[in-house]
Amino acid sequence: MFKNIIKTTAFAATLFMMACGGNSTQEQEQVVNLYSHRHYEADQKLFEEFTKETGIKVNVVNASADELIQKLELEGENSPADVLFTVDAGRLHRAEVKGLLQPITSDVLNENIPANLRHPEGLWFGLTYRARVIAYSKERVDPADLSTYEDLANERWKGKVLVRSSENVYNQSLLASIIAADGAEAATAWAEGMVANMARAPKGGDRDQVKAVAGGEGDIAITNTYYVGIMLNDSNEEERKAAEAVGIFFPNQNDRGTHINISGVGVAKYAPNKENAIKLIEFLSQEKAQKVLAEENYEYPVNAKVSISETIAAWGDFKKDSINLAKLGELNSEAVVTFDKAGWK
Ligand SMILES: [Fe+2]
């Protein structure tokens, strides 16, 4: 009996020591906590590569940017978040206005990212950009009939337009750019015209709209460029076939240019691992990571030393709408209200 007690005590002591050992390792472990709206396989691969190079583990919390911003606000000074990663400049702007970000000075970032794609005081940095384009049926649409986003609201496209829900930030930013270019009244009329022209009630993501064009449900889809890039190179034949059935058209080439948005990051105001946060962002702006974003996620890299993937290069160069992307953030609420008024689900 006595012997047993000794044994048990020794065992407990061993466990206790193991636990202590475990704790001290955890304290030494380098981490960076990332709040991300992004949903792409290439990102995970990059984070693993970053950990391999630096020993810093990347903890990712995935949710929509609105949810993440709300989480940052609620957590306040106690937030574990180091970096906020969004798929639009509007949300970075919103986080900035709410005082949730802190300025970063980095020669690496200043060199790798053009000035127009980052905040002047270093509150946020674009890492890639993407264009919102028209994917048209090669069989049924003559691209000579395409011109602008505005024209998609023209009666002649009745029953032919496929586009996702207005809850999606990509559409909100697009409408914000139309409000900025054409004014509130014209933007409302545009949204109403689009609803009247829809081939079906909005459902699914951008890829689903492309598939619906391929399946003959409509003739024209609005999509971000990288989705078509991913589909064209998908191992699944069905995805490839759907993307091969559409042509890519860059709207508004004769006026303001095609709507683009960035995907970018900011360092959280109370980042507990600020140094690691900067290391991660610098890593993502370097040629190696930018190449992965360009080649595997078919985004346009911000780093000028990196070329775009062959797939999207085939669509040619295009004129980009040069509106300050922060403006789209300012107009976001107005865009949401306009969608509601127009009945765009
Ligand atoms: Fe996306």
Side-chain angles (χ1 to χ4, degrees), residues 34-47 60-69 83-95 117 124-135 149 162-177 202-213 221-234 236 239-240 242-243 246 248 250-251 258-266 284 289-290 292-302 308-309 311-312 315 320-321 325 328-329 332 335-336 339 344:
L34 179 70
Y35 281 11
S36 178
H37 186 151
R38 282 170 62 97
H39 49 88
Y40 318 122
E41 282 169 31
D43 290 23
Q44 205 42 50
K45 188 177 155 174
L46 284 172
F47 301 152
V60 184
V61 173
N62 267 118
S64 80
D66 284 333
E67 287 164 337
L68 295 171
I69 287 171
V83 179
L84 174 68
F85 202 170
T86 78
V87 293
D88 68 307
R91 293 306 188 273
L92 287 169
H93 174 75
R94 184 173 295 176
L117 298 178
W124 50 259
F125 299 87
L127 289 173
T128 61
Y129 67 93
R130 53 277 293 282
R132 197 140 183 78
V133 295
I134 295 172
Y149 298 109
L162 288 147
V163 60
R164 74 196 292 176
S165 157
S166 66
E167 279 171 22
N168 174 262
V169 70
Y170 306 143
N171 281 342
Q172 292 168 7
S173 292
L174 172 61
L175 181 54
S177 78
K203 63 172 180 185
D206 284 359
R207 267 176 277 213
D208 297 303
Q209 316 313 318
V210 173
K211 283 179 209 166
V213 170
I222 294 183
T223 177
N224 280 357
T225 35
Y226 59 87
Y227 287 118
V228 185
I230 291 170
M231 289 174 79
L232 283 169
N233 293 280
D234 204 293
N236 180 332
E239 298 275 326
R240 283 201 310 275
V246 301
I248 296 301
F250 291 97
T258 298
H259 168 65
I260 62 154
N261 211 325
I262 56 159
S263 185
V265 290
L284 292 171
Q290 288 278 303
V292 172
L293 294 168
E295 294 290 334
E296 293 183 30
N297 209 39
Y298 304 95
E299 294 177 89
Y300 293 92
V302 291
I308 57 175
S309 84
T311 302
I312 66 171
W315 302 332
K320 304 185 257 292
D321 185 350
L325 293 177
L328 303 182
N332 182 271
V336 171
F339 273 137
W344 186 322

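Numbers for residues simply follow the sequence, beginning at 1. For ligands, and for the atoms within them, numbers begin at 1 and follow the listed sequence. Since the structure is predicted, the reported quantities are computational estimates derived from the model, not experimental observations.
Between Y227 and Y298, the ring centre distance reaches or exceeds 6.0 Å.
Not a single donor-acceptor pair under 3.5 Å links the side chain of N261 to the backbone N or O of V87.
Angle subtended at the Fe ion (ligand 1) by Y227 OH and H39 NE2: 90°, rounded to 10 degrees. Geometry note: the Fe ion (ligand 1) is the vertex, Y226 OH and Y170 OH are the arms, and the angle is 90° (rounded to 10 degrees).
The Fe ion (ligand 1) has Y40 among its coordinating residues (N/O/S atom, backbone or side chain, under 2.8 Å).
A side-chain N or O of N233 and one of T311 form a donor-acceptor pair less than 3.5 Å apart.
Partner of W124 under the side chain to side chain contact (heavy atoms under 4.5 Å, CB included) criterion, chosen from L117, I262, L84: I262.
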